Amino acid sequence: MATALTEDNFKEMRIKTVLGRLELIIDNENERIGKDVEFDIKASNAHKSRCLYELTMLCKDSAPSELPTGLSMQMKFLKQKLMLNARRLEAHLNAVRTVTDILKTAAREQDGDGTYTQEQFRYGEM
């Protein structure tokens, strides 16, 4: 016996699909960030943003209590993965800032010829 695909079933199926895609993107990002130099974080972020936008549009007219239990559980697991993702992204950005500061300092020292910099000269005028 085939069941008719109602609008609610179709919406639930679309939400599950988007959640699954988002979960794959986040798992991939969590696995590769900081380890794979070829990883394109900008592209990954664009895919993640697109999924979050689709999810928002699909759920905008629904209260959380109206979602099927399976979806709410999947969203809770996804929320945990997103929290891990946020921590990893923050650590990655901090590492990038540190490396940038090291490179700026090295470039400044390399360019210095022993004379005062413009900032040091202005400081002396005060």
Side-chain angles (χ1 to χ4, degrees):
M1 235 200 284
T3 31
L5 189 61
T6 65
E7 188 175 329
D8 287 340
N9 290 345
F10 184 67
K11 184 177 179 178
E12 181 180 341
M13 187 173 66
R14 287 182 60 201
I15 291 172
K16 283 182 181 181
T17 301
V18 174
L19 285 173
R21 197 169 5 129
L22 181 58
E23 191 171 355
L24 288 173
I25 291 166
I26 292 169
D27 286 344
N28 181 51
E29 188 171 292
N30 284 343
E31 179 63 33
R32 294 178 65 191
I33 194 166
K35 296 176 186 173
D36 183 355
V37 295
E38 299 294 320
F39 179 64
D40 188 351
I41 197 167
K42 188 174 181 178
S44 180
N45 191 50
H47 294 302
K48 191 169 42 176
S49 293
R50 180 64 189 173
C51 286
L52 289 169
Y53 174 76
E54 286 180 47
L55 192 60
T56 300
M57 292 296 103
L58 287 168
C59 296
K60 71 178 179 179
D61 296 329
S62 304
S65 60
E66 295 174 356
L67 295 174
T69 307
L71 286 179
S72 60
M73 291 300 291
Q74 190 175 6
M75 285 185 181
K76 285 179 186 178
F77 289 129
L78 189 58
K79 182 179 178 181
Q80 292 172 348
K81 289 182 180 196
L82 280 168
M83 289 171 31
L84 173 64
N85 185 254
R87 288 192 305 270
R88 289 191 179 198
L89 285 170
E90 183 177 359
H92 180 73
L93 288 174
N94 286 336
V96 168
R97 282 188 202 106
T98 300
V99 170
T100 302
D101 289 343
I102 290 169
L103 293 174
K104 283 187 341 189
T105 301
R108 207 176 287 132
E109 289 174 359
Q110 183 69 25
D111 287 341
D113 59 0
T115 60
Y116 291 108
T117 64
Q118 189 173 10
E119 289 83 18
Q120 291 169 325
F121 184 71
R122 284 187 190 155
Y123 180 72
E125 290 179 349
M126 293 181 174

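Just so we're clear, the structure is a prediction, and the values are computed from it rather than from any experiment. All values below were derived from every heavy atom in this structure, side-chain atoms included, with hydrogens, water molecules and symmetry-related copies excluded.
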Is there side-chain contact between [X] and [Y], with at least one heavy-atom pair below 4.5 Å?
X: Leu19; Y: Lys16; answer: no
X: Lys48; Y: Asn45; answer: yes
X: Leu89; Y: Ile41; answer: yes
X: Asn28; Y: Leu24; answer: no
X: Glu29; Y: Arg88; answer: no

State the [atom1]-[atom2] distance between [X] and [Y], to the nearest 0.5 angstrom.
X: Leu78; Y: Leu55; atom1: CG; atom2: CG; value: 7.5 Å
X: Met75; Y: Leu22; atom1: CE; atom2: CG; value: 10.0 Å
X: Tyr53; Y: Leu58; atom1: OH; atom2: CG; value: 10.0 Å
X: His47; Y: Arg21; atom1: NE2; atom2: CZ; value: 10.0 Å

Q: Work out which heavy atom in Arg32 is nearest to a heavy atom in Asp36; give both atom names and the distance.
A: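 Taking Arg32 first and Asp36 second, the nearest heavy atoms are NH2-OD2, 2.6 Å.
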Q | Main-chain N/O of Asp27 paired with Lys81 side-chain donor or acceptor, under 3.5 Å | A |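 Such a contact is absent between Lys81 side chain and Asp27 backbone.
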Q. Just by distance, do the side chain of Thr56 and the backbone of Leu52 share a donor-acceptor pair under 3.5 Å?
A.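 Looks like yes, one N/O pair under 3.5 Å.
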Q. Does atom CE of Met57 have more than 12 heavy-atom neighbours, drawn from other residues, nucleotides or ligands, at distances under 6.0 Å?
A.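 More than 12 heavy atoms, drawn from other residues, nucleotides or ligands, come within 6.0 Å of this atom.
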(Q) Would a single hydrophobic cluster contain both Leu71 and Leu82, if residues Ile, Leu, Val, Met, Phe, Trp and Tyr are joined by side-chain heavy-atom contacts under 4.5 Å? (A)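 In one cluster with Leu82: Leu71, yes.
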Q.
Tell me whether Ile33 shares a hydrophobic cluster with Ile25, the cluster being built from Ile, Leu, Val, Met, Phe, Trp, Tyr side chains joined at under 4.5 Å.
A.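 Result: no, two separate clusters.
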Q.
Side chains of Asn94 and Arg97: any donor to acceptor distance under 3.5 Å?
A.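 Yes - a donor-acceptor pair under 3.5 Å links their side chains.
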